[in-house]
S.K.: 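Please read through the structure below; I'll follow up with questions.
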Amino acid sequence: TRVWKVTNKGLLGGDVILTLGREKQSSLQSKCYHAMIGDIQKQTDLGGGKYSLQVWKDLLVSNFAKEKHEMGEPLKRGNSFTPSLCGTYMVPHRPSTKEFDKEISSQFIEYLFAKGSEYGVEFTDKTLSDYESYNVQREEKV
């Protein structure tokens with residue numbers, strides 16, 4: 001009913017594009033792994049310098065994709081490389097977390113816990129609370 005109402009409202013306003021699909025990952029999963037990446041970014045210093053949150057996300061997602069590939073379970077859209085415009089180097093592209101389904105998102109969260117542990121990260125109470133909320137939701141669906 002809600003979709004019908006929104007579609008009709010849109011039709012009155014002009015052109016409408018309607019796409020139906022299933023949620024790839026839950027908002028709690030996304031919230032959880034973004035909080036974890038934030039904790040890792042704030043508490044980890046690699047090579048004598050601090051990296052931005054975006055750089056940490058790029059590094060962690062890329063490394064997660066590499067590890068999945070090495071385990072014989074490559075992501076549908078893993079790491080890729082494109083030749084630069086001048087043709088002298090390759091430009092890397094990491095997978096988009098928006099493309100992660102619920103199972104891959106769960107694996108990514110567990111990977112982040114392991115990486116955080118490896119780097120000596122103490123996850124904040126907020127991050128642990130987000131993780132707990134995500135786990136409760138996951139258990140309710142089982």
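Note that the structure is a prediction, hence the values are computed from the model and not measured. This chain uses plain numbering: 1 for the first residue, then up along the sequence. Hydrogens, waters and symmetry mates are skipped; everything else that's a heavy atom, side chains included, is used.
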S.K.: If you draw a 6.0 Å radius around NE2 in His69, do more than 12 non-hydrogen atoms from other residues or ligands fall strictly inside?
M.R.: no
S.K.: Could you tell me which residues satisfy salt bridge (charged side-chain N to carboxylate O under 4.0 Å, His left out) with Glu99, sequence neighbours excluded, listed by chain and number?
M.R.: Lys24, Arg77
S.K.: Which residue pairs pass the side chain to side chain donor-acceptor pair (under 3.5 Å) test when at least one of the two sits in residues 110-120, sequence neighbours left out?
M.R.: Asn63-Tyr111, Glu110-Tyr131, Lys115-Glu118
S.K.: Can you tell me how far apart CG (Leu112) and CD1 (Ile40) are? Round to the nearest 0.5 Å.
M.R.: 5.0 Å
S.K.: Considering only Ile, Leu, Val, Met, Phe, Trp and Tyr, and joining two whenever side-chain heavy atoms are under 4.5 Å apart, list the other residues clustered with Tyr89.
M.R.: Val91
S.K.: Can you give the donor-acceptor pairs under 3.5 Å from side chains of residues 46-55 to other protein atoms, not counting sequence neighbours?
M.R.:
| from | atom 1 | to | atom 2 | distance (Å) |
| --- | --- | --- | --- | --- |
| Lys50 | NZ | Lys42 | O | 2.8 |
| Ser52 | OG | Val55 | N | 3.2 |
| Gln54 | NE2 | Asp58 | OD1 | 2.9 |

S.K.: Which pair of heavy atoms, one from Ser62 and one from Asn79, lies closest together, and at what distance?
M.R.: O-ND2, 3.0 Å
S.K.: Exactly one of Ser105, Ser106, Ser26, Ser27 should register a side chain to side chain donor-acceptor pair (under 3.5 Å) with Tyr134. Which one does?
M.R.: Ser106
S.K.: Not counting sequence neighbours, which residues clear side chain to side chain contact (heavy atoms under 4.5 Å, CB included) with Ser30? List them please.
M.R.: Gln25, Tyr33, His34
S.K.: Do Ile104 and Asp101 have side-chain heavy atoms sitting under 4.5 Å apart?
M.R.: yes
S.K.: Kindly give the heavy-atom pair with the smallest separation between Leu75 and Ala65, and that separation in Å.
M.R.: CD1-CB, 3.7 Å
S.K.: When clusters are formed from ILVMFWY side-chain contacts under 4.5 Å, directly or step by step, what else is grouped with Val136?
M.R.: none
S.K.: Which residues pass the salt bridge (charged side-chain N to carboxylate O under 4.0 Å, His left out) test with Glu103, not counting sequence neighbours?
M.R.: none
S.K.: Nearest 0.5 angstrom please: Phe108 CZ to Glu67 CD, how far?
M.R.: 11.0 Å
S.K.: Under the side-chain hydrogen bond (donor to acceptor under 3.5 Å, both in side chains) rule, collect the residues that match up with Lys66, sequence neighbours excluded.
M.R.: Glu70
S.K.: Answer yes or no: is there a side-chain heavy-atom contact under 4.5 Å between Pro95 and Val61?
M.R.: yes
S.K.: Residues in side-chain hydrogen bond (donor to acceptor under 3.5 Å, both in side chains) with Glu73, at least two apart?
M.R.: Lys68
S.K.: May I ask you to test the Met90-Ser84 pair for a side-chain heavy-atom distance under 4.5 Å?
M.R.: no
S.K.: Who passes salt bridge (charged side-chain N to carboxylate O under 4.0 Å, His left out) against Asp39, sequence neighbours left out?
M.R.: none
S.K.: Counting only N and O atoms by type, is there a donor-acceptor contact under 3.5 Å from the side chain of Ser129 to the main-chain atoms of Asp125?
M.R.: no
S.K.: I'd like to check the ring pair (Phe, Tyr, Trp, His ring centres under 6.0 Å) partners of Phe123; sequence neighbours left out, ordered by chain and number.
M.R.: Phe113
S.K.: Cluster partners of Leu85, using ILVMFWY side-chain heavy atoms under 4.5 angstrom, listed by chain and number?
M.R.: none
S.K.: CG of Asp130 to CD of Gln29: how many Å apart, nearest 0.5 Å?
M.R.: 12.5 Å
